[in-house]
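Below is one structure, written out as structure tokens, with a few remarks after it.
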Amino acid sequence: MSSSSSTSRAGEQGPSFRYTPALANEIEEKWQSWWDSHGTFVQPNPGEPGFDGSRPKFFCMDMFPYPSGAGLHVGHPEGYTATDIISRYKRMKGCNVLHPMGWDAYGLPAEQHAINTGEHPAAFTRKTIDTFRRQLKRFGFSYDWTREFATIDEGYYRWTQWIFLRLYNAWYDEDQRRARPIAELVAEFKAGKRPLRYNSKAAEYAHAPGVTAQTVAGPWEQVDYETRRSVVDSYRLAYVSEQLVNWCPKLGTALANEEVIDGRSERGSHPVVRKPLRQWMMRITAYADRLVEDLADVDWPESTRSQQAEWIGRSEGAEIDFPLLDPDKSVTRTLRVYTTRPDTIFGATYMVIAPEHPLVASALEEGRPETDVEAVEAYVARAKSRSDVDRQADAKTKTGVFSGIVAINPATGEEIPVWIADYVLMGYGHGAIMAVPAHDERDFEFARAFGLRIRDVVLSRVHWAMAYFARHATEEERGGNGWLAHLADFLGLVTSTNAEPDHMPALLERARATRPETGAGGGDAGVGRRGATQGEWLETIASMGFGSFDDLRDAFARGTIVERFGIAYSGAGHAINSANDGVSLDGLSTAEAKQRIIAWLEERGIGRRKVNYKLRDWLFSRQRYWGEPFPIVYDERGFHFPVDESKLPVTLPALEDFKPEESLDPQPLLAKAKEWVRTTASEVGVGELPPDAIMRRETNTMPGWAGSCWYYLRYCDAKNGGRFVGREAERYWMTGRAGGSGASDVPRPIGGVDLYIGGNEHAVLHLLYARFWHKVLFDLGDVSTPEPFQKLFHQGLITSYAYQRSDKTLVAVDVVDNRGTEEKPRYFARDTGEEVAQITAKMSKSLKNVVNPDDVIADYGADTFRLYEMYMGPLEASKPWNTRDISGLFRFLQRLWRLAVSEETGELRVAGGASEAHGEIEKLLHRATVRVEQAIEKLSFNTAIAALIEVVNAATSSVGAENGPGLTRGQLERLSLVLCPFAPHVAEELWSRLGREGACSLAAWPGVDESLLRDSEVELPVQVQGKVRARIRVSADADDPTVTAAALAEPKVAELLGGRAPKKVIVVRGRMVNVVV
RNA sequence: GGGCCUGUGGCGGAACUGGCAGACGCAGGGGACUUAAAAUCCCCAUCGCCGAAAGGCGAGUGCGGGUUCGACUCCCGCCGGGCCCA
């Protein structure tokens, strides 16, 4: 169906002054240009003319879009309408509202376009921005367009470069837990206050060649320039490092870990290989702890917070030293491992070292009889020829060889073999593990392949209960096959009460006490109900294949449950078989067991608590053209220097050809600009070198995330030419008193943007990077809050209907027919005649179910579009677009219009005095106003709109057949005001037709008469035994005895009571009455 | 496999903190107006059974249990869907 054919359906013909799509479009364009020319939504900053400091502030922001060539899709305006409603509402409530829009404009698609067409990315991007802006303006969003910018503007990216230099010139002080200027570090080195030593974090995370935490360079005065530089550089938050990177030959760039999915590029799905490259890195790992901790103080969706926490992947584990037996049985060495599950140490039945581990060499040298030198050498040689990726890839088939070395499990005192296997990687942890086959899948596979011992040391709740039963069943309970029923009964009780090990004795007693004497059939109600699940448990136990009670008991006693089931149990549970003379973990939960064993290890000096992170430093270089150039130059020796602040921005060179060299030996694209690359020290303001020293510019560019890391700050003061954001503007918008209950629910709100709405696809990357930069700026005193975004909200995806064949493949909407009825639709694919199922799916070109917002606006107007998208359902839910439903919202506006404007004459229709009907409507209007307020605060726009519809419907009904006016002037005015955030154009038009001066959008939100919110008399349902049997009318403030008496007086209630006195009567004030017999 | 979310009429969805399930909209049925259609306005509408009707009875928020005077809402287990991470 073409979009234009539906135009007539919205009602083009009819009376001349009807609210038609044409009229809607006319009204909307009129008010949009009125707002523009009157600067209605321009929000002055503190100190500027027109700024009113007595008002609270509200900073309400969308995730700015990347303007793609395809233009706006219906997903964009969903979040934008939501923030617009909030912003308009807050403004009417008397807030200073910062509601800006801008463009995330550097990125791969424009460069790909340049490669394909030769059109310069800048020219192309400017065009797409113009399209986006035009489309957005047509929605009537109340952005302060004077603050608009794109990340590609010189006035913006010079400050992106400036912030890069802030990071470059900063280091993380572990003691103070904050970033500090690098100059302070240098000063401490010079003064000898701090030993001149490489950054231990650099050694750990960057794997800088030849650098270890222990390396001490000596006093500052005694070391050469190069050493000083390399020591200082190892501390910078932005640093250069030779990294194994994800190199994508096809895209001609390295990618961040976050941008690689299953070995392919997130964008374009091209193969990615690991390759060593000198890269700029951001030391985000320094902030790992704070990035996790501060999640507690922001008002964010739980799912997003847990995604970030998971990405950072903080795990508390332990480092443990396992003693190694020398050939003469003495112990002179230990083998250090890291584990996140120290609680399973009693189940460590062997160890594994990586083929590259230094211990391998000593095993070969020592010449123990147990060492098969040939086999070990062959294995190590083979492992060397394989990459990490390969080694991980075919992890299913475990290979390995016994080293001949034997270690001692410090918890059990047992001698355990040390194996060499390539499933342990040298680059991770210490290149050695304690293997706990019962509770780690890889260890389990390996143990099975090589016949190593598997011993349970953690049991799930059910297994724990079974073990308890196995130990404590009475002679009678074990007899014959009776134990099966008793166990099933017990397990039913355990699982229904969520029992902990401590509760087992009591539960077993209870099971015995309530056990029916004669097996199934008899017993009290409690046992009968429990019996319902007993059957299931009988089946479950049967499937475990225990031949007898003795078999069960032995399996648990020997700790061979995992082995029996053939699958490792890696979850949390409770410890078992985990005790020695010094410590017992038995019965402790996994979390408790970890703490206790770590305490024991530390006490004995053989292990220590150790925190580990999954988060790696952020790879910050791209070998592309369309990104911010680095403000960095190199001298002829290869040392890097910052471009002086006064020389910013570093602009991109002109380039003819944007095609990357598809190669395994990467060259950044900017290296092609030979003229640009070559510069001098004076040109870039490097003062410590002679002015005419030849310098070479950094040819990498920044990743697409750079510009979006701080744009919210720039909105506060978008035109500032002297600073990235003015101090006062930043302090006002980021920390000022937030208006309304936009205040957050978290215990210690920490300020920042009051509401930030965008898709959850940015849950990790953008939001993590932005938080990181913000924290650095906070530490350096450049911003006032530790977090950028106080409240975050994700709008759901707008999906569309599509069709699915029985084999789950999808069918486009234009080749499917409905051969059923409207009520019972049945869909068939036109080509094959196969019946297909209607499902919801992402809008996509191939499914032919993409909706273009421009068409919808042409057909119904922007007000209807806004209402429809907000009415579809909860903002956070993903929901299907259904064009058919739009007409309901259009009709709503049409009815409202008809209430106020005569369709025949175009004249205003206003009721005079207050008739009886108007009294009811007055109440309804006040109540709707309150409902709308509450709904907006909860972002529950669908229910707010429902309340507005109810008012209009009631007013329409009251008009009745005589066709007279339905609402008074005052009522129409107030209705326009509460409608204004949702459908601002209609509201403005009615407002002005009602003769009001100025913008409805800036008028004060209407007050509410509390006395009209409550009825004097209420109808209460009377329940008998929880079923509604009668209704009574009582005064709203009637006390409980009065209500009880009225309820019992109801004939129906009396009849059901049959003369008996009720056992209890529950009165819920203003809600209902429940009579319990 | 793990984490988070989710399951309510033909459809989208309401339901405050445990208190009348199905607000509001779409689609549907009936009526008024009209020569007619459209548009508009009014009424009906979860399902089953009884009844000519008024009305009555019963069931009902994925399934099975539990807690409670009372459960869409809380707890346990299962099944299905989505997103994220492996």
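In this text, all values refer to a predicted model and were calculated from it rather than measured experimentally. In what follows, chains carry the letters A, B, and so on, assigned in the order in which the sequence lines appear, proteins first and then strands, with residues in each chain numbered from 1. Atom set for the values below is all heavy atoms of this structure, side chains included, hydrogens, waters and symmetry mates excluded.
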Exercise for the section: Output, in order, the C-alpha distance, side-chain angles, deciding distance and verdict of ring pair (Phe, Tyr, Trp, His ring centres under 6.0 Å) for A:F890 and A:Y868. Expected result: CA-CA 8 Å; A:F890 183 77; A:Y868 172 64; over 10 Å; no
[X] has a side chain; which of [options] sits nearest to it?
| X | options | result |
| --- | --- | --- |
| A:P880 | B:G19, B:C84, B:G13 | B:G13 |
| A:V1028 | B:C20, B:A14, B:C84 | B:C20 |
| A:S957 | B:A39, B:C42, B:C24 | B:C42 |
| A:Q307 | B:G25, B:C84, B:C20 | B:C84 |
| A:R898 | B:G3, B:C24, B:U40 | B:U40 |
| A:M1072 | B:G19, B:C4, B:U40 | B:G19 |
| A:Y871 | B:G10, B:C20, B:C24 | B:C24 |
| A:W311 | B:C20, B:C85, B:A23 | B:C85 |
| A:P874 | B:G25, B:C4, B:G13 | B:G13 |
| A:S887 | B:G70, B:C24, B:A27 | B:A27 |

Handout entry: Whichever of A:R895 and A:K879 has its nearest RNA chain B nucleotide further upstream toward 5'
Key =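 Its nucleotide being nearer the 5' end, the pick is A:K879.
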Exercise for the section: Identify, between A:V1076 and A:E1019, the residue whose nearest nucleotide on RNA chain B lies closer to the 5' end. Expected result: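 By nearest-heavy-atom nucleotide position, the 5'-most residue is A:E1019.
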Handout entry: Side chains of A:H926 and A:L1013 in contact at under 4.5 Å (non-hydrogen atoms)
Key =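 Yes, at least one pair of side-chain atoms sits under 4.5 Å.
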Practice task
Report the distance from atom CZ of A:R314 to atom P of B:C85, rounded to the nearest whole Å.
Solution key: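 The distance from CZ of A:R314 to P of B:C85 comes to 23 Å, rounded to the nearest Å.
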Practice task
Taking the six-membered ring for Trp and the single ring otherwise, decide whether the centroids of A:F17 and A:W897 are under 6.0 Å apart.
Solution key: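 For A:F17 and A:W897, the ring centres are not under 6.0 Å apart.
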Can you list everything that forms a side chain to side chain contact (heavy atoms under 4.5 Å, CB included) with [X]? Sequence neighbours excluded, please.
| X | value |
| --- | --- |
| A:A438 | A:I454, A:D456, A:V562 |
| A:E933 | A:Y89, A:K93, A:T929, A:W1005, A:V1008 |
| A:R895 | A:R891, A:F892, A:R898, A:I949, A:V952, A:N953, A:T956 |

Handout entry: Short N-O contact, A:E445 and A:R442, less than 4.0 angstrom
Key =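 Here A:E445 does not pair with A:R442 in a salt bridge, since their nearest N and O are not under 4.0 Å apart.
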Problem - Residues A:E950, A:R927: salt bridge by 4.0 Å N-O rule - result: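 No, no charged N to carboxylate O under 4.0 Å.
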Exercise for the section: For A:E302, report the nucleic acid contact type (base, sugar-phosphate, nothing); a contact means any heavy atom under 4.0 Å. Expected result: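 The residue A:E302 makes no contact with any strand.
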Exercise for the section: Return no unless some side-chain N or O of A:N882 is found under 4.0 Å from OP1 or OP2 of B:G25. Expected result: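 Answer no for this pair, as no side-chain N or O of A:N882 is under 4.0 Å from OP1 or OP2.
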Polar-atom pairs under 3.5 Å, protein N or O versus N or O of nucleotides 54-60 of chain B: list them with distances, or write none.
from  : atom 1 : to      : atom 2 : distance (Å)
B:C57 : OP1    : A:K1052 : NZ     : 3.1
B:G58 : OP2    : A:R1029 : NH1    : 3.4

Practice task
Would you list the pairs meeting salt bridge (Lys or Arg N to Asp or Glu O under 4.0 Å) in which at least one residue belongs to residues 865-875 of chain A, sequence neighbours left out?
Solution key: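 Sorted pair list: A:D84-A:R866.
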Fill in the blank from the handout: Base-pair string, RNA chain B, Watson-Crick plus G-U, cut-off 3.5 Å on both distances, | for inter-strand, is (((((((..(((......[....))).(((((.......))))).(((((....)))))..(((((..]....)))))))))))).
